[in-house]
Amino acid sequence: MHSVLCWFSRDLRLADHPALYHALHSGLPVIPVYLHAQHEEAPWAPGAASRWWLHHSLSALMHDLERINSRLVIRQGDSLAQLLSLVRETGAVQVVWNRRYEPHLQQRDQQVATALQQYGVAVHQFNATVWFAPGTLCKADGEPYRVFTPFWKRCLQTGLARPCLPRPASLLAPSHWPDSLELAALDLLPRQPWDQGLKASWTPGEAGAWHRLHDFLKEPVKHYAQGRDYPAQPGTARLSAHLHFGEISPGQIHAACQPLLDQGAAHSGIESFIRELGWREFAHHILHHFPRTPQLPLYPKFADFPWADCDDPALTRWQQGQTGIPLVDAGMRELWHTGWMHNRVRMICASFLTKNLKIHWRCGARWFWDTLVDADLASNTLGWQWTAGCGADAAPFFRVFNPVLQGQRFDPKGEYVTRFVPELRTIPLKYRHQPWQYTAGSSPALLSEPALPPYPPPMVDLRHSREQVLRDWKTLGGDT
DNA sequence: TTTACGTTACT
DNA sequence: GTAACGTAA
């Protein structure tokens with residue numbers, strides 16, 4: 001019997017899902033499919049934290065599909081081989097999916113589409129992930145934007161409002177369901193129970209995404225322009241992982257914000273918030289036009305910068321949150337325990353690794369890739385190159401964040417650092433972001449409570465390492 | 001989406 | 001002594 005395969009990947013939702021909507025309106029039975037093909041995603045297959053999220057998001061999707069008279073068929077192996085096999089098993093005449101924009105997956109999808117069409121199956125691909133399909137916005141001279149602000153102006157001019165497709169009330173089921181793996185067979189969950197902190201922090205899935213968004217729009221959005229800078233506060237939406245897995249779309253978020261946008265200046269926080277989604281958009285745009293940036297600097301002159309490699313033992317101390325710099329350690333421990341880090345703290349931790357420790361930004365990007373629940377190739381690459389100074393950044397200066405000043409400014413009560421670095425509780429507030437100033441001249445017994453491990457001294461001198469890297473920077477050539 | 005330093009003004 | 005500001009990097 002004829003049917004349509006709807007291939008899910010990073011669009012794990014039912015509402016505003018163009019491929020599913022298309023399948024539904026074909027009038028044919030719809031077979032939702034998830035294909036697990038980690039080897040095709042290499043070298044950027046999901047890390048451990050991402051796999052945890054993926055498991056729970058798939059679980060939520062399966063549940064949601066069951067409520068509309070459907071199922072999720074799970075398979076593992078080469079995507080094309082699995083799709084062809086499913087086509088033969090089900091008599092499907094169409095395969096539909098929403099595009100992924102990672103360069104190596106776009107290639108794969110193109111090959112899959114071509115092979116399916118040669119086999120006589122119709123293929124339809126859609127955009128469900130970003131406002132503008134990467135590659136569609138260019139400067140007047142035809143070159144891609146490399147600076148965020150003009151790119152974002154162009155996006156705003158072109159328009160962000162999108163009609164959101166409805167959630168299907170029910171799907172037409174096939175007369176026979178093809179075999180499916182159990183979700184557990186994908187082996188996405190950790191074997192060691194290190195996911196307590198993740199469980200306590202997140203609710204993967206479409207419902208969880210909307211819950212987050214509504215909580216955010218109730219109050220924090222009003223103060224977002226400033227509130228987003230204070231990592232101790234719930235000032236951000238924390239939607240990054242939900243967006244990465246496609247549990248909610250930028251268009252849906254924009255539509256949910258429309259009433260606030262219409263109110264204008266009273267809710268200026270909303271514009272800053274939408275602008276942050278613009279950075280996500282920009283990241284996809286940059287990755288599309290510069291597909292080698294996960295590995296190479298956007299501006300080639302940085303290829304020779306004397307960064308240390310990932311075998312540097314200092315990398316381990318940074319990963320473990322044992323650098324002796326409170327704000328950096330708090331961030332790295334927040335990442336390890338919750339699978340997420342506040343964006344300002346990401347910039348500070350990344351600056352510390354690439355500037356003060358002079359370790360290659362790729363080592364940091366890889367660690368974030370393995371530990372973030374929101375690990376996204378486009379956003380992660382852009383963020384790391386931006387902080388390392390070799391990527392898309394309009395600032396005409398070499399930026400070195402000072403984690404002491406940043407702490408005093410954005411965590412003035414030390415709430416964030418003591419939350420994740422409890423050893424600092426006994427340090428007076430005045431020294432909480434620079435405990436080495438306090439310990440100097442005082443007895444070691446005052447350093448920490450007996451029950452807590454000792455807090456290490458700073459692994460580098462902030463001032464000296466800053467001056468050193470600024471000297472290195474000066475030796476780089478002038479243009480791009 | 002920054003920092004550090006010099007100048008100035010004021011205590 | 002130090003806060004506030006302008007400016008270079």
Side-chain angles (χ1 to χ4, degrees), chain A residues 145-153 155-156 220-221 223-233 235-238 240 268-283 286 298-299 301-302 305 325 327-328 331 340-358 361 364 368 374 378-412 416 430 433-434 437 458 460-480:
Chain A
Y145 290 94
R146 295 186 194 218
V147 179
F148 174 72
T149 305
F151 170 81
W152 185 234
K153 272 190 191 154
C155 292
L156 290 172
V221 67
H223 325 287
Y224 181 79
Q226 290 81 36
R228 72 196 183 90
D229 277 330
Y230 293 81
Q233 304 305 130
T236 65
R238 302 191 181 224
S240 49
S268 67
I270 199 76
E271 282 168 23
S272 318
F273 173 57
I274 299 290
R275 186 183 161 92
E276 291 306 303
L277 296 177
W279 277 96
R280 178 179 178 276
E281 199 78 10
F282 186 52
I286 291 284
L298 177 65
Y299 293 100
K301 73 167 173 176
F302 295 94
F305 193 81
I325 311 292
L327 191 51
V328 173
W340 185 85
M341 197 196 301
H342 187 280
N343 187 55
R344 173 156 292 279
V345 188
R346 289 188 200 200
M347 296 189 286
I348 294 159
C349 289
S351 166
F352 182 76
L353 184 79
T354 57
K355 309 289 172 66
N356 299 99
L357 297 182
K358 252 178 75 178
W361 59 270
F368 273 29
D374 65 31
S379 298
N380 198 45
T381 301
L382 181 88
W384 275 95
Q385 289 218 26
W386 183 88
T387 355
C390 60
D393 181 6
F397 47 78
F398 188 57
R399 188 191 335 254
V400 182
F401 284 73
N402 181 327
V404 176
L405 291 178
Q406 289 283 315
Q408 289 166 344
R409 194 178 306 163
F410 297 117
D411 186 31
Y416 177 76
K430 186 179 172 195
H433 291 288
Q434 40 181 349
Q437 296 284 4
V460 287
D461 180 75
L462 292 175
R463 185 192 175 105
H464 178 258
S465 55
R466 173 179 197 275
E467 287 167 356
Q468 176 64 51
V469 76
L470 284 173
R471 277 196 293 277
D472 293 335
W473 172 266
K474 276 195 180 154
T475 66
L476 288 172
D479 51 79
T480 64

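Throughout, protein chains are lettered first and strands after them, A, B, ... in sequence-line order, and every chain is numbered starting at 1. A quick note: this is a predicted structure, and the numbers were derived from the prediction, not measured.
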Side chain of A/Arg466 (C-beta onward), nearest among B/dT1, B/dT2, B/dA4: B/dA4
Interatomic distance where CD belongs to A/Gln406 and P belongs to B/dA4 [whole Å]: 10 Å
Protein-nucleotide distance (A/Phe273, atom CZ; B/dT1, atom C1'), rounded to Å: 17 Å
Between C/dA9 (P) and A/Phe401 (CZ): distance, integer Å: 21 Å
A/Trp473/A/Phe302 aromatic ring centres below 6.0 Å: yes
NZ/NE/NH1/NH2 to OD/OE distance under 4.0 Å, A/Arg463 and A/Glu467: yes
Residue A/Asn343, side-chain atoms from C-beta onward, closest of B/dT3, B/dC5, B/dT1: B/dT1
Face-on cation placement of A/Lys153 at A/Phe148 ring, 6.0 Å and 45° thresholds: no
Distance, rounded to the nearest Å, where A/His433 contributes NE2 and B/dT3 contributes C1': 17 Å
Length of the CG-P vector between A/Leu470 and B/dA4, whole Å: 9 Å
Sugar-phosphate, base or nothing in reach of A/Phe398, heavy atoms under 4.0 Å: nothing
Nearest atoms (heavy-atom pairs only) where A/Val404 meets A/Asn402: N-OD1, 2.9 Å
Nearest-neighbour nucleotide for the A/Arg409 side chain, B/dT2, B/dA4, B/dT1 considered: B/dT2
Side-chain donor/acceptor of A/Trp386 to base of B/dT1, under 3.5 Å: no
Sugar-phosphate, base or nothing in reach of A/Arg346, heavy atoms under 4.0 Å: nothing
A/Asn402 side-chain N/O to B/dT2 phosphate OP1/OP2 under 4.0 Å: no
Nearest-Å distance for atom pair CH2/C1', residues A/Trp152 and B/dT1: 16 Å
Any A/Arg344 side-chain nitrogen or oxygen under 4.0 Å from OP1 or OP2 of B/dT2: yes
Aromatic plane relationship, A/Phe368 with A/Trp384 - under 30° parallel, 30 to 60° tilted, over 60° perpendicular: perpendicular
Value in whole Å for how far the C1' atom of B/dT1 lies from CG of A/Leu382: 12 Å
Between B/dT3 (C1') and A/Phe410 (CZ): distance, integer Å: 12 Å
